[in-house]
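Notes to accompany the following structure.
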Amino acid sequence: MDVSYLLDGLNERQRAAVSAGEQDMLVLAGAGSGKTRVLVHRIAWLIQVMNYSPFSVLAVTFTNKAAAEMRGRVEKLLGRDVQRMWIGTFHGLAHRLLRAHYQDAGLPQNFQILDSDDQLRLLKRTIKALNLDEKQWPAKQAGWYINGKKDDGLRPQHIETWDPAEKTFLQIYQAYQEACDRSGLVDFAELLLRAHELLRDNKHVREHYQKRFRHILVDEFQDTNQIQYAWVRLLAGADNHVAIVGDDDQSIYGWRGAQVENLQHFLRDFPRADTIRLEQNYRSTSTILKAANQVIANNSDRLGKDLWTEGTEGEPITLYSAFNEQEEARYIVAQIKQWQDQGGALSDVALLYRNNAQSRVLEESLLYASLPYRIYGGLRFFDRQEVKDAVAYLRLVSNRQDDAAFERVVNTPSRGIGERTLSLVRELARNEQTTMWNAARKMVNESMLSGRARNAVASFLDLIAQLEVECADQPLSKQTDRVLKGSGLLAMYQAEQSDKAETRVENLQELVSATESFMPSGEEDMTPLAEFLAHAALEAGDEQADAYQDAVQLMTLHSAKGLEFPLVFMTGMEEGTFPSQMSSGEPGRLEEERRLCYVGMTRAMEKLVMSYAESRRLYGQENFHRPSRFIAEIPSELITEVRVQTRIEQPAARRSRFHTSASHEAFSETGFQLGQRVLHQSFGEGTVLNYEGTGPQSRIQVNFDDAGSKWLVVAYAKLTPLR
DNA sequence: CGACCGGCAGTTTTT
DNA sequence: CTGCCGGTCG
């Protein structure tokens with residue numbers, strides 16, 4: 001068979017990685033170096049050239065999107081369907097293992113997945129049930145504690161502590177886990193931990209999979225946490241081959257448990273592994289790469305990598321200094337319009353920021369300019385309230401012991417089961433170590449409730465039982481339709497009088513169509529409903545957005561990872577914003593911010609624009625910041641600086657109380673403009689931010705680089721204009 | 001049981 | 001300055 005097409009168009013290093021023999025491998029893949037391509041071609045190579053069955057290859061990624069892309073490209077390359085091949089996310093594959101071996105994993109067959117929102121709700125109830133003060137022991141922190149422990153592979157019984165605060169969190173962990181186990185609920189971290197324990201504690205299961213997966217490929221390895229890497233090692237056993245692909249310079253998820261050190265650990269644990277560096281970049285201009293290389297060079301303990309390109313030098317990086325965030329936004333919009341006038345597509349433009357709050361001002365300016373935009377990272381389909389309600393009904397119908405689902409819908413729509421009744425049910429459930437359903441059943445049967453409450457609870461239990469009968473052996477979409485109508489959920493939202501309710505009804509209808517078009521795989525003996533529920537939990541779905549529209553792309557620097565755009569704006573390049581205030585202090589966290597900067601810069605293909613504002617309003621407070629240190633790390637010859645050139649018109653003025661058209665005139669007489677750089681005898685250099693008054697009393701606000709922001713009387717200040 | 005008010009927190013995100 | 005959550009009132 002002619003397999004040369006698997007190597008065509010690849011560079012030498014890429015070929016080496018794709019056509020490597022039976023061995024372990026670390027592929028250090030720089031940004032834009034064709035990482036996915038190498039992974040996909042390697043899989044195809046293993047199958048076509050080395051004659052492995054598709055079923056003896058396992059490829060794991062972090063996001064569904066990456067997994068779907070990989071699967072699609074492998075199929076295209078092989079020219080055949082690989083639906084049943086094990087390509088998926090860590091969570092997806094762990095789930096698959098647990099379904100197939102639920103008994104060995106100690107789970108009920110119909111176990112359900114708890115998403116973060118469900119988890120938080122359950123934690124709140126657990127904390128309440130333990131009679132702990134919710135202010136002192138926030139559910140969020142408890143969740144953080146529990147997930148962290150699970151990521152480290154630790155069960156409550158493994159944890160010993162003398163710290164009284166931790167003791168309480170440990171107690172919550174214990175109680176929460178018991179609640180999950182009673183209800184057959186598995187949270188995201190639990191999926192990974194259980195799957196790991198399943199392999200670790202069951203020799204036959206472990207050996208079966210070790211025998212099966214001769215080649216394991218891990219994408220974005222720098223993002224793995226402890227349990228994920230442990231899971232990979234367990235599967236690899238002594239005989240199988242592991243290829244990991246990653247980039248220590250793009251490790252930006254340390255704060256959620258990712259361990260870059262796993263890269264070093266891999267080299268230690270797989271000492272015969274070859275390291276292949278992919279440094280040729282196919283994305284950006286050499287200017288952008290040089291700048292990014294220089295920035296990241298300030299980090300220590302790198303595995304080391306220098307990106308280069310055969311491409312053109314391109315334009316210099318533009319650095320824009322605005323006097324505030326509104327003006328920054330206006331500049332960006334003007335630049336986008338110019339891009340558009342020159343024939344550029346809006347969807348080729350990305351606006352990146354460090355935190356979501358920054359998007360607002362940008363949005364307002366885009367709106368004002370009538371430029372369509374799309375924000376990444378909104379609520380996704382299965383995260384929506386009404387959809388979660390409906391899914392909870394489906395879950396409860398398929399497993400009555402599911403307390404999370406029970407709690408969610410027991411009084412939605414309201415059917416007279418109030419907090420008072422529910423707390424009685426919870427108390428009994430707790431005392432009897434059983435589920436809400438069982439407790440409620442018992443209370444109804446044994447007349448432990450007052451008449452009205454008893455009737456209400458009884459009719460709810462009957463409703464679920466009846467829905468179960470009606471749904472039996474029905475197609476998925478029929479079941480969904482039945483549940484929506486039978487539960488009164490649809491009617492509830494239809495009756496609601498708001499535009500929000502309208503979208504909610506639409507989303508419920510959309511859910512029915514989603515079940516219609518859902519294609520169950522029939523894997524692991526799951527019913528279509530069970531598969532759909534898992535799908536809803538593991539793949540929250542795309543955000544609903546008109547993706548086809550030509551729109552400017554707005555997103556955080558984090559969500560930009562893996563994407564590329566011809567024109568990229570990195571906004572808010574200020575100390576305190578980026579790097580974030582929260583990450584200052586610890587050198588390690590600062591280096592992660594720098595990697596984030598590196599990720600942002602390397603998203604740009606043709607043109608990179610960085611901007612910062614002298615003053616930025618955050619939480620209603622005006623703050624002054626110096627330009628980000630990352631800017632100073634870029635060689636100045638790669639940068640063209642732009643400052644406010646024209647006087648600012650209305651929208652800028654509106655924000656200042658002092659700012660009248662009269663003072664505007666008077667001010668312009670002084671010869672200073674907003675954003676203008678000035679020199680003061682004792683305060684040094686600064687930027688003009690604001691001004692007030694007319695004539696001899698007129699004052700001017702200057703943000704000095706070293707001395708901070710000050711109001712000065714123009715007549716006395718002796719300011720020298722710079723530039 | 002729902003509507004309103006007040007307090008308070010407030011990076012980054014996927015599964 | 002916002003948005004969310006929890007508490008209280010009608």
Side-chain angles (χ1 to χ4, degrees), chain A residues 60-67 88-95 113-121 124 128 133-135 138-141 144 147 150-151 186-193 195 220 223-225 227-228 251-258 325 352-361 376-380 382-383 385 411-422 452 456 492 496 534-541 543 555-562 572 576-584 589 592-593 595-597 599-600 616-623 655:
Chain A
V60 60
T61 66
F62 276 84
T63 65
N64 292 301
K65 197 173 151 197
T89 64
F90 277 102
H91 292 85
L93 297 180
H95 174 248
I113 300 163
L114 216 54
D115 69 24
S116 343
D117 185 59
D118 299 331
Q119 182 186 40
L120 202 66
R121 285 158 173 269
K124 276 186 185 161
K128 262 189 200 157
D133 180 13
E134 295 162 88
K135 286 261 161 11
K140 245 187 176 176
Q141 271 186 46
W144 179 77
N147 295 336
K150 288 188 178 184
D151 286 347
V186 174
D187 62 46
F188 287 133
E190 183 77 17
L191 281 172
L192 302 176
L193 179 53
E220 303 276 19
D223 289 338
T224 52
N225 63 29
I227 198 77
Q228 285 161 339
S251 160
I252 57 174
Y253 287 112
W255 51 274
R256 66 174 197 209
E325 75 276 16
L352 310 184
Y353 34 82
R354 180 62 178 82
N355 63 37
N356 290 301
Q358 288 171 254
S359 74
R360 205 161 125 178
V361 185
Y376 276 62
L379 255 199
R380 289 167 313 169
F382 287 106
D383 289 334
Q385 177 191 302
N411 203 33
T412 308
S414 57
R415 41 175 75 88
I417 304 175
E419 212 26 59
R420 186 148 160 64
T421 310
L422 277 179
R452 213 163 51 151
M492 180 184 91
E496 214 173 280
H535 166 80
L538 287 175
E539 302 179 39
E543 319 149 45
M555 68 195 81
T556 63
L557 285 154
H558 280 90
S559 23
K561 195 174 145 205
T577 300
F578 187 36
S580 160
Q581 187 66 53
M582 315 290 283
S583 301
S584 69
R589 307 197 56 180
E592 183 156 307
E593 297 275 323
R595 292 193 289 270
L596 189 55
C597 184
V599 166
R616 182 176 297 276
R617 190 167 277 270
L618 184 67
Y619 307 142
Q621 271 247 306
E622 200 169 17
N623 299 291
R655 258 206 41 239

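Because the structure is a prediction, the values reported are computed rather than measured. The chains referred to below are lettered A, B, ... by the order of the sequence lines, with proteins before strands, and numbering in each begins at 1. Keep in mind that the numbers below use all heavy atoms, side chains included, and drop hydrogens, waters and symmetry copies.
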Considering every strand and a 4.0 Å limit on heavy-atom distances, what is the contact class for [X]: base, sugar-phosphate, or nothing?
X      : answer
A:L352 : nothing
A:N64  : sugar-phosphate
A:N356 : sugar-phosphate
A:N411 : sugar-phosphate
A:T556 : sugar-phosphate
A:S116 : base
A:Y253 : sugar-phosphate

Query raised in the report: On DNA chain B, nearest-nucleotide positions of A:I417 versus A:A540: which is more 5'?
Result: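 In this pair, the answer is A:I417.
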Report task. Specify the residue among A:E592 and A:E539 whose closest nucleotide of DNA chain B lies further upstream toward the 5′ end. Result ->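 The residue whose closest nucleotide sits nearer the 5' end is A:E592.
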Expected output: side-chain [X] to main-chain [Y] donor-acceptor under 3.5 Å:
X      : Y      : answer
A:N411 : A:I417 : yes
A:D117 : A:D383 : no
A:Q228 : A:F90  : no

Requested in this report: Could I get the full list of ring pair (Phe, Tyr, Trp, His ring centres under 6.0 Å) partners for A:W255, not counting sequence neighbours?
Outcome: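 Ring pair (Phe, Tyr, Trp, His ring centres under 6.0 Å) check on A:W255 returns A:Y253, A:H558.
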**Report entry** Partner of A:L114 by side chain to side chain contact (heavy atoms under 4.5 Å, CB included), out of A:L120, A:D187, A:L191
**Finding:**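 Among A:L120, A:D187, A:L191, the one that satisfies the side chain to side chain contact (heavy atoms under 4.5 Å, CB included) with A:L114 is A:D187.
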Query raised in the report: Can you name the residues that form a salt bridge (charged side-chain N to carboxylate O under 4.0 Å, His left out) with A:E220, not counting sequence neighbours?
Result: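 Applying salt bridge (charged side-chain N to carboxylate O under 4.0 Å, His left out) to A:E220 gives A:K35, A:K561.
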**Report entry** Results of salt bridge (charged side-chain N to carboxylate O under 4.0 Å, His left out) for A:E539 - residues two or more places apart only
**Finding:**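 In terms of salt bridge (charged side-chain N to carboxylate O under 4.0 Å, His left out), with neighbours along the sequence ignored, A:E539 is linked to no residue.
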Requested in this report: Kindly write out the residues that satisfy side-chain hydrogen bond (donor to acceptor under 3.5 Å, both in side chains) with A:S359, not counting sequence neighbours, or none if the list is empty.
Outcome: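 Here the qualifying residues are A:E363.
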Query raised in the report: Do A:S580 and A:S583 have side-chain N/O donor and acceptor atoms under 3.5 Å apart?
Result: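 Distance-only check fails for A:S580 and A:S583.
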Report task. Check every nucleotide of DNA chain B for an atom under 4.0 Å from a heavy-atom of chain A, then give the first and the last such nucleotide from 5' to 3'. Result ->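 Extent of the interface on DNA chain B: B:dC1 to B:dT15.
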Query raised in the report: For atom C1', what is the distance between C:dC5 and B:dT12, given to the nearest Å?
Result: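 Their C1' atoms lie roughly 23 Å apart.
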Query - Letter per nucleotide, 5' to 3', of nucleotides 1-10 of chain C [B base touched, S only sugar-phosphate touched, - untouched; heavy atoms, 4.0 Å] - result: BS---S----
